[in-house]
Amino acid sequence: MKGRALLLGICLCLGAARGFGAARGSLDGLADALVARVAPARGDDVAVAVSAPAPKLAADLAALMVARLIGAGARSAAPLALTESLDDAHAAAQARAAGFEKLVRLRLDTSGGRLRAEGSVLAVPGELWSDEPLARAHLFAEASLDDELRAYLPAAPRPPARGWRTRTLALGDVDVLALAVGDVDGDGRPELVGATRDAAIAWHLEGGRAIELYRVPLAGRLAALRPRADLATVRVESGTIEAHASPFADGVTRAASGLVPLSGFSFPGLPGACALEPGVDWFTAASCGAAATLLPARFYTAVAIARGDERVIAAIEPPSPGGAAGTLWLSTGGAPIEVAGVGAQVALATLSHPQAGADVVVTTEPAEPGEPDAIVIRALALGAPSLHRIAGLPGEVRALAAGDLDGDGSGEIVAAIRDAARRRTELWIVD
């Protein structure tokens with residue numbers, strides 16, 4: 001309790017220094033709008049946990065929130081420094097262990113020229129056998145990214161010496177749900193491999209065409225439980241293809257020795273395989289065996305690449321209750337970076353591009369209702385700042401992957417874009 005009182009005193013001083021004797025800024029206004037929705041009761045002990053693209057942005061907003069919560073009637077309030085990227089249930093458990101009764105959980109996103117704060121007020125369960133927090137209120141506030149707020153963010157790279165290049169290939173009526181790149185026939189040239197709801201297909205890309213090399217049926221025992229929508233995973237490891245689609249209980253490994261059943265869903269660059277969470281369309285890290293400690297608690301999809309002696313991992317976390325978009329979870333060796341407001345697809349790429357440097361992370365981004373998603377290329381840096389955005393796509397981005405598709409030593413990004421109305425899929429290749 002003494003430690004929390006000392007921390008509270010520090011936070012109150014930070015809030016006072018920000019709120020008195022200086023002009024009130026955009027972050028102050030954001031804190032005011034959020035606290036107005038929290039409405040703490042007298043006697044509440046409240047923790048504030050903020051995830052943001054920049055650590056100082058998270059810390060300053062948490063300090064402002066703490067000062068205002070005390071002024072609004074809370075008995076005590078303090079920032080809660082999460083030890084890792086946690087979902088609401090695990091964050092609430094950490095708050096309970098620290099002696100709090102309520103948790104204000106916020107995630108910040110800085111896309112589209114605005115700072116958006118979205119989260120929940122959670123009642124922290126007091127019983128040891130009760131793990132699920134109870135949501136009391138949904139929180140949302142936003143502000144334009146003015147000079148004050150932009151100062152928190154890492155500087156964007158300088159404009160490129162050349163633009164991004166995009167080319168397209170028609171794939172036909174093939175509803176691709178997952179993509180990977182690798183040499184699958186031992187000829188030293190990379191191929192593109194896709195997984196649909198019932199097959200794994202390998203293509204060689206040449207002369208503006210996707211030439212199908214072979215396809216492997218994924219049919220077998222039907223899955224006992226199906227997700228809300230069909231999904232699949234595919235990866236290429238040392239010439240071996242591992243693919244699994246949700247309609248079936250088992251996947252398939254295609255190696256030199258033939259076809260072998262595959263248990264679980266495999267993700268590029270990560271060891272082992274994961275189990276699909278029953279009744280939903282995401283996976284849990286706890287089901288991933290050797291990769292369990294490398295991933296967020298829940299995720300739609302994941303990928304990893306080696307960068308020097310470290311492994312870079314990217315995953316997409318599902319939206320929080322009431323949320324409309326996912327969160328990019330990015331681990332580059334230190335504390336994970338979180339970027340809210342992304343779609344369900346992700347890829348990691350090593351490029352030779354004057355704007356991108358060496359490595360980038362690629363995500364989809366939800367657009368306006370009824371409009372196709374965009375593809376966003378981000379730097380592998382603090383805050384994952386956006387480098388390039390591709391909008392006006394002819395359909396839904398069903399899968400993303402990256403690799404050296406033309407064998408020139410530099411990687412490309414490839415997206416499978418599905419026009420469901422026309423029953424047509426295009427490959428968009430970006431470098």
Side-chain angles (χ1 to χ4, degrees), residues 49 51 80-97 105 107 128-129 131-133 178 180 195 223-225 227 231-238 240 242-246 248-253 260-307 309-320 326-339 342 344-348 361 363 380 384 400-401:
S51 299
L80 180 67
L82 299 179
T83 56
E84 56 181 302
S85 175
L86 301 174
D87 60 18
D88 288 347
H90 289 83
Q94 194 165 316
R96 179 182 62 196
R105 179 76 168 108
R107 292 179 172 87
L128 292 177
W129 57 85
D131 294 325
E132 290 298 324
L225 293 172
L231 59 84
T233 63
V234 63
R235 75 177 178 186
V236 179
E237 297 286 343
S238 303
T240 297
E242 298 178 354
H244 193 171
S246 56
F248 306 105
D250 303 305
V252 169
T253 299
V260 179
L262 171 69
S263 176
F265 293 79
S266 302
F267 296 93
L270 288 165
C274 302
L276 185 62
E277 191 71 359
V280 294
D281 50 0
W282 63 70
F283 301 86
T284 60
S287 73
C288 295
T293 59
L294 305 176
L295 294 162
R298 300 185 307 161
F299 62 97
Y300 281 136
T301 188
V303 63
I305 61 172
R307 186 168 67 169
D309 294 332
E310 66 183 14
R311 192 200 316 252
V312 179
I313 304 171
I316 301 294
E317 295 180 291
S320 56
T327 298
L328 168 64
W329 182 94
L330 186 61
S331 173
T332 58
I337 298 167
E338 291 186 347
V339 180
V342 302
Q345 305 299 330
V346 67
L348 289 167
V361 57
T363 64
L380 274 185
L400 286 172

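For this chain, numbers begin at 1 and follow the sequence in order.
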Please give me the minimum heavy-atom distance between [X] and [Y], naming the atom from each residue.
X    : Y    : result
S246 : A223 : O-CB, 3.4 Å
P271 : A291 : O-CB, 3.6 Å
T253 : E242 : OG1-CG, 3.9 Å
W329 : P336 : NE1-CB, 3.5 Å
A232 : A178 : O-CB, 3.3 Å
V252 : L262 : N-CB, 3.6 Å

- Side-chain contact test, heavy atoms from C-beta onward, threshold under 4.5 Å: evaluate it for I316 versus V342 and give yes or no.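 In short, these two side chains touch, coming nearer than 4.5 Å.
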- Query: Between F299 and C288, is any pair of side-chain heavy atoms under 4.5 Å apart?
  - Reply: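 The answer is yes, as the side chains (C-beta and beyond) meet within the 4.5 Å cut-off.
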- Mind checking whether F283 and F267 have ring centres under 6.0 Å apart?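 Ring centroids of F283 and F267 are less than 6.0 Å from each other.
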Spatial distance of atom [atom1] ([X]) from atom [atom2] ([Y]) [nearest 0.5 Å]:
X    : Y    : atom1 : atom2 : result
I337 : T327 : CD1   : OG1   : 13.5 Å
C274 : L295 : SG    : CG    : 6.0 Å
T363 : L330 : OG1   : CG    : 10.5 Å
E317 : Y300 : CD    : OH    : 11.0 Å

- Polar side-chain atom of T233 near backbone of S266 as donor-acceptor pair, under 3.5 Å: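 Pair found, side chain donor or acceptor close to backbone of S266.
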- Query: Is R235 reaching over with its side chain to a backbone N or O of L270, donor-acceptor style, under 3.5 angstrom?
  - Reply: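 Between the backbone of L270 and the side chain of R235 there is a qualifying donor-acceptor contact (under 3.5 Å).
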- Query: V346 and V361: side chain to side chain contact (heavy atoms under 4.5 Å, CB included), yes or no, with the steps?
  - Reply: CA-CA 7 Å; V346 67; V361 57; 3.8 Å; yes
- Message: I'd like to know whether L231 forms a side chain to side chain contact (heavy atoms under 4.5 Å, CB included) with L276, so could you lay out the CA-CA distance, the side-chain angles of the two residues, the decisive distance to 0.1 Å, and finally the verdict.
- Response: CA-CA 10 Å; L231 59 84; L276 185 62; 3.9 Å; yes
- Task: Given side chain to side chain contact (heavy atoms under 4.5 Å, CB included), test E338 with R107 step by step and report yes or no.
- Result: CA-CA 8 Å; E338 291 186 347; R107 292 179 172 87; 4.1 Å; yes
- Message: Tell me which pairs pass side-chain hydrogen bond (donor to acceptor under 3.5 Å, both in side chains) where either residue lies in residues 282-296, with sequence neighbours left out.
- Response: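 Sorted result for residues 282-296: empty, none.
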- Task: Could you check R311 against L294 for side chain to side chain contact (heavy atoms under 4.5 Å, CB included), going step by step and ending with a plain yes or no?
- Result: CA-CA 10 Å; R311 192 200 316 252; L294 305 176; 4.0 Å; yes
